[in-house]
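Structure first, commentary second.
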Protein chains: 2
Amino acid sequence: MPADTLPFDLRSLEMFLAVCDAGSMAAAARRLALTQPAVSQAVAELERRIGIALFDRGARPLALTAAGGALRQRASALLSEARQIAPLLREAEHARLPLLRAGLVDSLSRALMAPLAGKLGEMAEQASILSGLTASHAGALLTRQLDLLVGADDLDEIEGLERWPLLTEPYVLLMPAALPVPARPADLAQLAAALPLVRFSARSKTGMEVERHLRRLRLDLPRRLEFDTPYGVTASVAASGGFAITTPLCILEAAVALDGLACRPLPGPAFTRHLTLIARRQELGRLPREIAGFCRTHLAGLAEAFDRLVGHEIAATFQVEGAEVQPA
Amino acid sequence: MPADTLPFDLRSLEMFLAVCDAGSMAAAARRLALTQPAVSQAVAELERRIGIALFDRGARPLALTAAGGALRQRASALLSEARQIAPLLREAEHARLPLLRAGLVDSLSRALMAPLAGKLGEMAEQASILSGLTASHAGALLTRQLDLLVGADDLDEIEGLERWPLLTEPYVLLMPAALPVPARPADLAQLAAALPLVRFSARSKTGMEVERHLRRLRLDLPRRLEFDTPYGVTASVAASGGFAITTPLCILEAAVALDGLACRPLPGPAFTRHLTLIARRQELGRLPREIAGFCRTHLAGLAEAFDRLVGHEIAATFQVEGAEVQPA
DNA sequence: TGGTACTATAAGTAAAACTTATGTTATCAC
DNA sequence: GTGATAACATAAGTTTTACTTATAGTACCA
């Protein structure tokens, strides 16, 4: 018997949830057409295997502990997913690709979500596109909860992936247009003394990159307000009159009015962000390549909006991948 | 033995995946420290219970059938979620953090992110606002990675929380304006036959609620395209000419042009969504109450936009909480 | 203070999961 | 083709698990 065995199976979760819903083990037993000791034993075994008490014995209307409540949430989600599977497999028999799941980094939602949805809808029977942080999508890709990922991280530390670069964009300053443009990195500290710096959370790849870059520049800027979405950062800068280190795509993503704000070049060494499409190697054939091409075509259409947003000087750093690079 | 039993348990899925990964049943057996017949029997039993062949016997490097491939995707997702559960429960027991962090459901980003950031920035030395799904925020709240949560779930199965209702809004149909308005629930099936139904993913509370509602109405609508953000759903409907079951706030959140689309009442019994502010009980004093009041004030400002979007008839269901309800 | 309705434990039984043993089939080297 | 090899399937026996009945213990209510 392997040591990393799961501490429960679906049957025991089913019984646990029945107890939660019914309010007592005896009632749950009736509902499941079992005897009461069966339920009692199953719950006890579940608690023993997880190693945490799930119910508060000694309180008569049986009460959940904190851990019990958490399990209730997750278990019901897990079971409802499990119940969907079998019917879907029957449909999967006569289908193209049965299911295609993609993770799209937040900052490309507005640029790519709808066209990508159309494309995936053509290529698969069922398509699912999730938004969020690249970090969480990366985990999902590896555990096969996702099949494709478009994000700001090329996951080069992970084997067995194929990578299709999409575009490169510069980091920029988003700040009040009236203020003087910082010329040297040190001017950023001065700016931060006058205005609140709005940051990306360190949960996001972008936030981590910015943090690392500032450390390289030996700048220790305050950390007052942070967000994990481009909208949060941009909207907060617009509302509060602060400033942020962000990228053109992140600003476009937010789709908020930028009255009185301007994009300025970030002083100091070049600092860019790369967006990449990633899939597990050799599982989807030429599909990732085709989708990457499709994304590039759509992203190229943004060049004009970029120009308007940041001016020609900065926009030159914006670059959609042209040559179709072979996956590493 | 009840008839609606699941056709598999986690153990059999584990074995099935081991076979997929190892490439043969014998190799999988070695890896699982079992004998070959154990695996063979488990796979056979799994196929019998699901009622579909998963592998292509007779092809020697064992090949997956279409259904087998689909099961592989979903089963590995299911298992990786299952494996996360136990460790999370252990964390749920303790942990404590000083900093003020809030989780805001995606559909309120546009409405509340910036003002909430300003407010929290006043009240705390450092504030962090994360966007995403209520479900993941709920876990973060329990494990004390978040201190506040604004979401579409009141987590009533969890003890030890205080809840501050913010507003109630109706679910509505977002569909082409030119098409006739569905009068009865059954008309939805007809609509779904003509147009693609764009769904919220079951990962989101909104998606789960819609799914449950449809099940109550005994409607089995196709599942072609799904998203976990309001922007995804709205943009896809706008781009593809499909339809969706969504809410006014979700539509406003997306901030996309709705040319040719209209909001229609959802036929059938009343179906509304409740947004609530949640905190762990008695940990932040009167702060949650104050923030809830602040949020309501801001949300009340949306009433006009609601009217324009959905018309008076539907908008009547939109209701910002007035009385400050004592936490349960 | 019993009565009721629940939970826990003990011991036995039915079902399942797994094992060894053996037969069958596809692939490959010759 | 032919036999060797490595895989899968099936049969029969064994261990483990899940469930049952029976009984004792515990919180709650009148």
Side-chain angles (χ1 to χ4, degrees), chain A residues 1-65 68 75 79, chain B residues 1-65 67-68 71-72 75 79 159:
Chain A
M1 191 187 301
D4 64 335
T5 305
L6 283 161
F8 47 73
D9 59 24
L10 296 179
R11 178 71 178 149
S12 61
L13 292 187
E14 224 169 12
M15 293 169 76
F16 168 73
L17 287 181
V19 174
C20 294
D21 291 343
S24 85
M25 299 203 196
R30 285 191 290 275
R31 210 161 88 170
L32 295 167
L34 294 176
T35 57
Q36 168 268 319
V39 176
S40 174
Q41 286 171 18
V43 169
E45 178 67 9
L46 186 59
E47 288 179 314
R48 191 189 64 73
R49 280 153 92 145
I50 297 182
I52 301 181
L54 299 171
F55 292 103
D56 221 343
R57 265 52 165 230
R60 191 51 80 165
L62 212 56
L64 280 168
T65 62
L79 272 173
Chain B
M1 192 189 300
D4 64 334
T5 305
L6 283 160
F8 47 74
D9 59 24
L10 296 179
R11 175 73 177 149
S12 61
L13 293 186
E14 223 169 13
M15 293 170 76
F16 167 73
L17 288 180
V19 174
C20 293
D21 292 343
S24 84
M25 298 201 196
R30 285 191 290 274
R31 208 160 88 170
L32 295 167
L34 293 177
T35 57
Q36 169 268 317
V39 176
S40 173
Q41 286 171 18
V43 170
E45 177 67 10
L46 186 58
E47 288 177 314
R48 192 189 65 72
R49 280 153 92 144
I50 298 181
I52 301 181
L54 299 171
F55 291 102
D56 224 340
R57 269 43 169 238
R60 192 51 78 165
L62 212 56
L64 279 168
T65 62
L71 181 61
R72 183 183 191 181
L79 269 175
E159 302 280 322

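Just so you know, these numbers come straight off a predicted model, no measurement behind them. To find a chain, count down the sequence lines: A is the first, B the second, and so on, and within it residues start at 1. Below, all heavy atoms of this structure are taken into account, side chains as well, without hydrogens, waters or symmetry copies.
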Next on the checklist: Expressed as a whole number of angstroms, how long is the span from A:Arg48:CZ to D:dT17:C1'?
Outcome noted: 12 Å
Could you list, one pair per line, each protein nitrogen or oxygen that sits under 3.5 Å from a nitrogen or oxygen of nucleotides 19-22 of chain C, together with the distance?
unit_1, atom_1, unit_2, atom_2, d
C:dT19, OP2, B:Thr35, N, 3.0
C:dT19, OP2, B:Thr35, OG1, 2.6
C:dT19, O4, B:Gln41, NE2, 3.0

Checklist entry - To the nearest angstrom, how far is A:Asp9 atom CG from D:dC19 atom C1'? => result 14 Å
Checklist outcome for this item: So the ring-ring contact (aromatic ring centres under 6.0 Å, His included) pairs with at least one residue in residues 21-41 of chain A (sequence neighbours excluded) are none
Item to check | Of the listed nucleotides C:dC18, D:dA9, C:dT7, the one nearest the side chain of B:Met15 | outcome: C:dC18
Item to check | Approximate separation, where rounding is to 0.5 Å, of B:Asp9 CG and B:Arg49 CZ | outcome: 6.5 Å
Checklist entry - Between atom CD in B:Glu14 and atom P in C:dC18, what is the gap in whole Å? => result 11 Å
Checklist outcome for this item: Rounding to 0.5 Å, atoms CZ (B:Phe16) and CG (B:Leu64) come to a distance of 5.5 Å
Checklist entry - Please give, in whole Å, the distance from D:dT17 P to A:Leu46 CG? => result 15 Å
Item to check | For B:Arg31, all residues meeting side-chain hydrogen bond (donor to acceptor under 3.5 Å, both in side chains), sequence neighbours excluded | outcome: none
Next on the checklist: If I take atom CE in residue A:Met25 and atom C1' in nucleotide D:dC19, what distance separates them, rounded to the nearest angstrom?
Outcome noted: 16 Å
Item to check | Phosphate OP1/OP2 of C:dT7 contacted by A:Ser40 side-chain N/O (<4.0 Å) | outcome: no
Next on the checklist: OP1 or OP2 of D:dT17 versus the side-chain N and O atoms of A:Arg11: is any pair under 4.0 Å?
Outcome noted: no
Checklist outcome for this item: Rounded to the nearest 0.5 angstrom, the CZ-CE distance for B:Arg30 and B:Met25 is 13.5 Å
Checklist entry - Expressed in angstrom and rounded to an integer, what is the separation of B:Glu45 atom CD from D:dA11 atom P? => result 15 Å
Checklist outcome for this item: What one should report as the nearest heavy-atom pair of B:Ala67 and B:Ala53 is CB-O, 4.2 Å
Item to check | Atom pair distance, as rounded to whole Å: CZ in A:Phe55 and P in D:dA27 | outcome: 17 Å
Checklist entry - Tell me: CZ of A:Phe16 to P of C:dT7, nearest whole Å? => result 14 Å
Checklist outcome for this item: Heavy-atom closest pair (A:Leu46 atom, A:Pro7 atom, distance to 0.1 Å) is CD1-O, 4.0 Å
